[in-house]
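Reading through the structure tokens given below for one structure.
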4 protein chains.
Amino acid sequence: MSGKEEKRAEILKAAARVFVEYGFDGAKIEDIAKAAGIGKGTVYEYFESKTDLFREMLRNSVEEYRQALAEKIAQGRDIREKILNCSQYSTRFLSENLDMLEMAWQASTLMSKETRTWLIEEKLSIFRLLEDMVKDGVARAELRQGLEPELAVFSILGTIHQYYGKKVFLDEAAPEKLDHEAVVDVILNGLK
Amino acid sequence: MSGKEEKRAEILKAAARVFVEYGFDGAKIEDIAKAAGIGKGTVYEYFESKTDLFREMLRNSVEEYRQALAEKIAQGRDIREKILNCSQYSTRFLSENLDMLEMAWQASTLMSKETRTWLIEEKLSIFRLLEDMVKDGVARAELRQGLEPELAVFSILGTIHQYYGKKVFLDEAAPEKLDHEAVVDVILNGLK
Amino acid sequence: MSGKEEKRAEILKAAARVFVEYGFDGAKIEDIAKAAGIGKGTVYEYFESKTDLFREMLRNSVEEYRQALAEKIAQGRDIREKILNCSQYSTRFLSENLDMLEMAWQASTLMSKETRTWLIEEKLSIFRLLEDMVKDGVARAELRQGLEPELAVFSILGTIHQYYGKKVFLDEAAPEKLDHEAVVDVILNGLK
Amino acid sequence: MSGKEEKRAEILKAAARVFVEYGFDGAKIEDIAKAAGIGKGTVYEYFESKTDLFREMLRNSVEEYRQALAEKIAQGRDIREKILNCSQYSTRFLSENLDMLEMAWQASTLMSKETRTWLIEEKLSIFRLLEDMVKDGVARAELRQGLEPELAVFSILGTIHQYYGKKVFLDEAAPEKLDHEAVVDVILNGLK
DNA sequence: GATGAATGAGCGTTCATTCAT
DNA sequence: AATGAATGAACGCTCATTCAT
């Protein structure tokens with residue numbers, strides 16, 4: 001039956017919510033179980049340990065983000081639209097998953113060498129996703145010749161994340177009120 | 001006597017090192033005491049609790065960053081040099097304090113409303129510091145007219161932080177090998 | 001049908017193996033179920049609880065030992081052969097059931113007053129079995145007149161068990177290499 | 001100060017009592033702490049883990065037994081008195097430490113290879129202590145020529161332990177009422 | 001003021017037992 | 001009758017905090 005797989009997914013969802021709200025150490029297994037509507041012991045039928053659960057939750061979330069981002073990029077017709085889609089989707093994802101990605105850093109000591117490597121690979125693959133987008137933009141002459149793709153990615157990801165962090169966290173703006181067009185403008189045109 | 005104040009400062013320094021290495025929960029008071037070269041009980045002569053110590057350490061570190069950044073900006077002769085100085089200093093600070101700022105987010109549940117407000121204020125003051133720098137650049141015609149200062153700050157801070165995160169964390173590049181000029185270029189000129 | 005009774009017996013056999021290998025607390029019901037080739041819940045169709053299962057397993061094993069011992073004694077033609085048979089059989093039983101009898105002591109807190117009484121009775125009946133053997137030997141003048149049967153049993157059981165414990169456990173000798181003749185000699189002739 | 005060492009010893013004493021009453025798994029750290037008149041956490045200031053505490057308690061108890069036994073043997077003027085002393089002391093020790101030695105077997109899975117080796121060595125050294133006593137008896141012509149010392153030890157230890165087990169455990173006789181003289185007789189003279 | 005031994009609340013994890021299928 | 005997924009009581013262990021010295 002697929003009930004098994006579904007319950008596992010439910011626990012992962014609950015774990016994401018609780019871990020994100022309280023951090024790794026602050027999150028209690030009992031809270032996660034309660035959030036998933038099950039008993040504490042049941043969590044251990046699906047995951048070996050709190051650390052294991054955290055790792056899987058992270059894999060899950062990062063993978064979801066990466067895949068959706070790839071899709072958003074593919075859907076954009078030109079570089080401007082692609083970056084716009086990234087901005088919109090990232091903002092939505094961040095506001096739902098909060099500091100998931102920040103936690104990824106913080107939690108590095110919890111991970112096996114293998115998992116850490118996987119996570120880095122996953123992050124790099126997000127970088128590469130965007131690098132390819134930039135290279136494509138250069139090839140299509142939508143972006144200037146000689147633009148260093150890696151630097152471009154820093155500008156794109158960094159500006160988007162800062163924008164989100166300031167507006168949603170500090171100013172407590174509603175995510176749907178964000179002006180993604182302006183963000184893309186400053187990325188594309190620079191400050192000068 | 002200032003011996004009291006000095007010891008307090010020493011504990012804060014030690015706390016910063018240990019918190020940053022192990023995170024809030026992973027850091028043990030005993031470790032911090034050992035790192036400060038004092039007994040465990042002594043920490044409690046200077047701070048009410050672990051949380052209190054964490055808050056004070058954070059205040060301390062953020063304040064140090066803000067002040068140094070202000071100085072670096074003042075020292076730059078034009079906007080390019082100012083941003084360059086920010087990039088260089090931020091990178092140095094981050095590599096020494098690691099995810100201090102990330103921890104700030106994560107730790108928000110540990111803080112009193114008051115402290116959280118203070119921290120937000122402090123972050124905003126960093127934003128404003130850079131906004132003023134941008135406004136000044138626009139006034140001097142070093143940056144284009146009509147540039148939205150807030151957006152400019154997202155680009156500056158975001159690009160610098162991404163650059164640092166990718167190069168130092170993922171690629172494990174030495175902080176002194178970073179090419180800050182290129183970062184400033186992409187910030188100023190955009191991708192087009 | 002006797003299928004019910006047979007499965008019960010199978011579980012008891014499996015339980016003996018697992019309890020003996022891991023001890024009462026170390027043995028998991030799931031292990032026992034697996035060893036018996038059945039599902040965990042099925043154990044509870046045949047036994048009320050882990051403690052109950054342990055009790056029954058103990059009864060079973062002790063009863064088996066007592067009966068076999070009685071048979072071995074009956075088969076011996078004179079006192080020497082009887083004791084020899086006891087030594088050989090006890091050694092074989094112990095090496096298969098390990099510290100079953102030791103566990104009996106240790107586990108006394110797990111038992112109801114009733115079961116404890118039964119177990120003591122069972123042990124006493126083993127003592128009596130041997131006492132009768134000794135009395136018979138005295139009557140037949142195979143053993144000296146005036147020999148206190150109870151003391152004789154201490155000598156017989158004690159020497160055999162020590163022999164087994166030292167040779168098999170400490171020296172790791174193979175059970176079939178034991179020199180039971182020599183043991184019987186020292187029991188019969190004493191040290192003087 | 002020696003207060004540290006004393007408290008350690010107190011905990012070991014309390015641990016011996018509790019372990020012996022409830023077995024390794026049945027004994028709760030909290031019980032041991034309570035028995036020692038201290039808080040739960042304090043146990044961990046002196047011992048790394050429950051297993052460590054158990055090991056140390058065992059070392060302690062076995063060592064105490066071995067040393068006292070050696071002394072008792074030395075004090076006996078002839079072989080009869082030496083064995084008598086062993087019988088009396090062993091009985092006293094066993095009635096105070098109950099099945100400590102049985103627990104040693106049972107607990108073998110809890111021990112590191114090193115500790116297990118040490119325990120076996122310790123047991124062997126008890127065997128050797130008695131073997132030397134026997135050899136000395138043979139040399140002094142108190143025991144018959146050609147007596148196999150190892151077998152003699154089985155007889156001595158085995159008979160004494162059985163005697164104790166039957167009389168004190170099963171018959172619930174008071175330890176001071178035991179007839180050690182009779183035990184020595186049967187050991188020395190055998191059954192014939 | 002400085003210390004570190006003592007404490008116990010709190011949490012991760014295990015596993016006997018239950019019960020819906 | 002047989003199963004194994006679900007449960008939660010129970011316990012080992014950690015560590016922030018206290019307080020006697």
Side-chain angles (χ1 to χ4, degrees), chain A residues 1 3-4 7-8 11 24-34 36-54, chain B residues 1 3-4 7 24-34 36-54, chain C residues 1 3-4 7 24-34 36-54, chain D residues 1 3-4 7-8 11 24-34 36-54:
Chain A
M1 215 210 301
K4 203 78 195 283
K7 183 162 284 191
R8 203 188 119 97
I11 297 175
F24 179 80
D25 292 277
K28 289 176 250 171
I29 288 289
E30 197 160 7
D31 295 342
I32 293 173
K34 232 169 247 165
I38 59 176
K40 185 164 47 146
T42 308
V43 173
Y44 286 88
E45 297 285 325
Y46 294 84
F47 300 94
E48 299 219 326
S49 66
K50 188 181 185 183
T51 300
D52 180 43
L53 173 57
F54 180 74
Chain B
M1 213 214 301
K4 199 78 193 286
K7 184 164 284 191
F24 179 79
D25 292 278
K28 290 177 244 174
I29 289 288
E30 193 159 13
D31 295 341
I32 292 171
K34 226 169 255 165
I38 58 173
K40 190 168 33 154
T42 310
V43 173
Y44 286 86
E45 297 289 327
Y46 293 84
F47 301 93
E48 300 223 324
S49 67
K50 186 182 185 182
T51 300
D52 180 42
L53 172 57
F54 180 75
Chain C
M1 215 213 298
K4 200 77 193 286
K7 184 165 282 191
F24 180 78
D25 292 277
K28 290 177 242 171
I29 290 288
E30 194 160 10
D31 295 341
I32 293 172
K34 228 171 252 165
I38 57 173
K40 192 167 33 152
T42 309
V43 173
Y44 286 86
E45 297 288 326
Y46 294 85
F47 301 94
E48 299 223 324
S49 66
K50 187 184 185 181
T51 298
D52 180 42
L53 173 58
F54 180 75
Chain D
M1 214 213 301
K4 203 77 195 284
K7 183 162 284 191
R8 202 189 118 97
I11 297 175
F24 179 79
D25 292 277
K28 289 177 250 172
I29 289 288
E30 197 160 9
D31 295 341
I32 293 172
K34 233 170 247 165
I38 59 175
K40 185 168 44 149
T42 308
V43 173
Y44 288 88
E45 296 286 325
Y46 294 84
F47 300 93
E48 299 220 325
S49 65
K50 187 183 185 181
T51 299
D52 181 41
L53 172 57
F54 180 75

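Values reported hereafter were calculated over all heavy atoms of this structure, with side chains retained and with hydrogens, waters and symmetry mates removed. Residue numbers start from 1 in every chain, and the chains themselves are labelled A, B, ... in the order their sequence lines are given, proteins ahead of strands.
We find that CD of Glu30(A) is positioned 14 Å from P of dA10(F), with the value rounded to whole Å. We find that NZ of Lys50(A) is positioned 11 Å from C1' of dG10(E), with the value rounded to whole Å. Protein atom CD of Glu48(B) is 12 Å distant from nucleotide atom C1' of dT17(F), rounded to whole Å. As a whole-Å value, the separation of Tyr44(B) OH from dA16(F) P is 6 Å. Atom C1' of nucleotide dT3(F) and atom NZ of Lys34(C) are separated by 14 Å, given to the nearest angstrom. Straight-line distance from the CZ atom of Phe54(C) to the C1' atom of dC15(E): 18 Å, rounded to whole Å. Taking atom CZ of residue Phe47(D) and atom C1' of nucleotide dT14(F), one finds them 18 Å apart after rounding to whole Å. Atoms CG (Leu53(A)) and P (dC11(E)) sit 16 Å apart, rounded to a whole Å.
Rounding to the nearest 0.5 Å gives a distance of 9.5 Å between CD1 of Ile38(D) and CD1 of Ile32(D).
Closest approach of Tyr46(A) to Lys7(A), counting heavy atoms only: OH-CD, 3.3 Å.
Note on Ala33(A): nothing from the nucleic acid sits closer than 4.0 angstrom, heavy atoms only.
Glu30(A) is linked by a side chain to side chain contact (heavy atoms under 4.5 Å, CB included) to Lys34(A), Lys40(A), counting only residues two or more places apart in sequence or in another chain. Contacts of Tyr44(C) classified as side chain to side chain contact (heavy atoms under 4.5 Å, CB included), with partners at least two apart in sequence or in another chain: Ile29(C).
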Sugar-phosphate means primed atoms, P, OP1 and OP2; the rest is base. With that split, encode nucleotides 3-9 of chain E 5' to 3' as B, S or - using protein heavy atoms under 4.0 Å.
BBBBBBB
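Both cation-pi conditions hold for Lys50(A) and Phe24(A): the charged atom is under 6.0 angstrom from the six-membered ring centre and inside a 45 degree cone around its axis.
For the pair Lys28(B) and Lys28(D), nearest-nucleotide mapping onto DNA chain F gives the more 5' position to Lys28(D). Positionally, the nearest nucleotide of DNA chain F for Ile29(D) lies more toward the 5' end than for the other of Ile29(D) and Gly26(B).
Between Phe47(D) and Ile11(D) there is a side-chain heavy-atom pair separated by less than 4.5 Å.
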Both distances under 3.5 Å, Watson-Crick or G-U wobble: on that basis, could you give the dot-bracket string for DNA chain E, with [ ] for crossing pairs and | for other-strand partners?
.||||||||||||||||||||
